[in-house]
Amino acid sequence: MEIQELQEEIRRKKREKDVVILAHYYQQPEIQDIADFVGDSLELSRVAASAPQGTILFCGVRFMAETAKILSPDKKVLTPYPQAGCLLADMAEPRQVEEAKKAHPTARVVAYVNVYAEIKALADIICTSANARKVMEKIEGEKILFVPDRNLGAYHARAVKGKEVLLWDGYCPIHERITPASIDRVKEKHPDALVIVHPECPPAVTEQADFVGSTSQLLRFVEESDATCFIIGTEAGILHQMRKKAPDKEFLLPDPIPVCDQMKMITLERVYTSLKEDIYPVTVEETIRVKAEKAIRRMLEL
Ligand code: SF4
């Protein structure tokens, strides 16, 4: 089937089967266009929890669909391709986190939402790229073990006073490849462009950027800014919503272009098959789910 035909078929089927389709900003444009909601992982999980539909088809990587299941245990959550994982989430294994907790018994574990359910269950509290600083400031205790993203942790820890923050040695390889040189190559040709980046980028990039923010914050920034040209330091998929929200502005990507192959494993064909055949349901073992939900809810209460 052609793309448009497939999209029409997906729209028809989701109405017929009463399914809500959620898509992350890093999904392919043709998938974002058939979604009922496009957002960051936590926004989407909150939408999933309040949506009236009994089935959620989550177009994103596995930890995102798991987060939706953790917050909506009574709903059916489908992922079009369960093998779509996250290279950052893979960098923290439960056994390693348990050992680190034993080595630092007074440390509170703050886990970035980009981890699997087992790690969320071991955390005291979850954070997002937008609220990590606030979470670090508000959590009781003077020592924090921040997992798994060292760049995001370092960026926010800089502003947190009176606390020791131990950083896990993980990183997102896609954002790690955004370097000052990869931005300068584009900036040379567009000297007036504002550089706006995600905090998963390395410190050498965040320190020189004009603005640092989560995907939702970057989107809001380009809409509200008076500037007309931007170099976007995050995964290429975000440009689809930026172009929709600010069609008269110009958006450029670092060279080489940051693309997450895991996110791109979700294709329109796989979404269609998932919808048609009710595959693949996401499951989270109940004791893990309950602990993970507690850590997420602690963040939401802040
Ligand atoms: S962009 Fe990085 S953090 Fe996001 S899903 Fe891909 S590997 Fe994981």
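Whatever order the structure lists ligands and atoms in, that order sets their numbers, starting from 1.
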Between CD1 on residue Ile174 and CD on residue Glu235, distance to nearest 0.5 Å: 7.5 Å
Distance from atom 4 (Fe) of ligand 1 to nearest protein heavy atom, with residue and atom: Tyr26 CE1, 4.0 Å
Minimum distance, heavy atoms only, to atom 2 (Fe) of ligand 1: which one of Gly60, Gly237, Cys172 is it? Cys172
Over-ring placement of Arg62 relative to Tyr116, 6.0 Å and 45° cut-offs: yes
Nearest to atom 7 (S) of ligand 1, what protein heavy atom do you find, and at what distance? Leu87 N, 3.6 Å
Show the nearest heavy-atom pair for residues Val284 and Ala117, with the distance to one decimal. CG1-CB, 3.8 Å
Tell me whether the NZ or CZ atom of Arg177 lies within the 45° cone about the ring axis of Tyr171 and under 6.0 Å from its centre. no
Nearest atoms (heavy-atom pairs only) where Ser274 meets Tyr280: OG-N, 4.1 Å
At less than 4.0 angstrom from any non-hydrogen atom of Cys260, what atoms of ligand 1 do you find? 1 (S), 5 (S), 6 (Fe), 7 (S)
If the cut-off is 2.8 Å, does any N/O/S atom of Cys86 fall short of it from atom 8 (Fe) of ligand 1? yes
Nearest neighbour in protein (non-hydrogen) for atom 3 (S) of ligand 1: Asn114 ND2, 3.4 Å
Inter-residue atom distance Thr55.OG1 - Ile21.CD1, 0.5 Å rounding: 11.0 Å
If we number the atoms of ligand 1 from 1 as shown, the ones under 4.0 Å from a heavy atom of Glu200 are 3 (S)
